[in-house]
Amino acid sequence: MPIVNRISALHDEVTAWRRDLHEHPELQFDVHRTAGIVADKLREFGCDEVVTGIGRTGVVGIIKGSKTGSGKVIGLRADMDALPLTEISGKPHASKIPGKMHACGHDGHTAMLLGAAKYLAETRNFDGAVAVIFQPAEEGEKGGQAMVDDGMMERFGIQEVYGMHNAPGLPVGSFALKPGPMLAAVDNFRIEVEGKGGHAAKPHLSIDTILVASHIVVAAQSIVSRNIDPLENAVVSICAFNGGFANNVIPQTAELRGTVRTLTADTRDFVEKRLKEVVEGTAALFGAKATLHYERIVPVTVNHEANTPFAADAAAAVVGEPSVNRAVIPVMGGEDFSYMLNARPGAFIFIGQGDTANVHHPAYDFNDEIIPIGMSYWAKLVETRLTA
Ligand SMILES: [Zn+2]
Ligand SMILES: [Zn+2]
């Protein structure tokens, strides 16, 4: 595997950065320590420009090539935030903060992009400029959108953007991606159901909120199975059912919470509309009232057709063509890099993390073995994409 010597030589140093970040996880936009370390290192590497506070706590470093005649600028993005979980990995570098842990590998993403920045700032073997983008709040609070809304693309003249995420279950030394939709749109919803409370022994004088909410749960499952084209993709999951408190009281209200995942804008619009009809119609059938509160969190992550081959070719240059799956099956999880891909063309890629606990599991830990592979991917992408 063609990992250049200089990148191999950085493996231990980058691993130490990664483990330090792992021990000190921070949530959402509150990534002050992490962003501070990132900015300090980027300055130490000799980046031409380092700007903090983009999208609240995001950081961007600019590295100019030894030639800048092409005028091209590409963005490489890593995420910095952790999750509200208590780690059970038992590793020596496990989280020192109860209730917070890097369970999605963003510590590894940040460390690999920092390592790539160090290499790129030393070698500068490209024509144009690289923007290394470190974003906060990937896990649900739209840090990607915050950086885009803060004018990041215009400010640094970024023309294309690329992102990478580790993938447990995908072998070490492999990559996977596809053109078009690769990760789902994520929407959350809450349903308020109001019947008529009363004595459990006199149900005829009440409207049983629990029964109405139960019918809504069942009816909502008909949206994917009966209303969506079987060749399209959608998930409707109701994950919380809160109502009632006593054995002998029919409650006045109940609340349901859940999430919708879709892979196209049309399917997304359709499911939202249909869910509203099902919720309101089912409640009306029983003489009750139900209100759907629907919140769109992140759009579909769509890899641009023209840019996906650049990412795939860079991966193949590192691990060999047979280890790059160019037609991966989309994932119904979401990724707020979608906001950056909506603003500029580019591509997102999965890097094999091997047979580890899954992301968002309390025993998960980023696999340090893949650090030189990820760094090499970034380096190769820059050196092949930024040529005169
Ligand atoms: Zn995650
Ligand atoms: Zn993640």
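In this text the structure is predicted, and so the values were computed from the model without any measurement. The chain is numbered in sequence order, starting from 1. Order of appearance sets the numbers: ligands from 1, and atoms from 1 within every ligand.
Take the N/O/S atoms of Glu139: the one nearest the Zn ion (ligand 1) is OE2. Among heteroatoms of the N, O or S kind in His165, NE2 lies nearest the Zn ion (ligand 2).
A 6.0 Å sphere centred on CG of Asp355 holds no more than 12 heavy atoms belonging to other residues, nucleotides or ligands. The 12-atom threshold is not exceeded at NZ of Lys67, counting heavy atoms of other residues, nucleotides or ligands nearer than 6.0 Å.
At least one test fails for Arg6 against the ring of Tyr119: distance under 6.0 Å to the centre or angle within 45° of the axis.
At a cut-off of 2.8 Å, His106 does not coordinate the Zn ion (ligand 1) through any N, O or S atom.
Looking at Thr282, its side chain does come within 3.5 Å of a backbone N or O of Val278 through a donor-acceptor pair.
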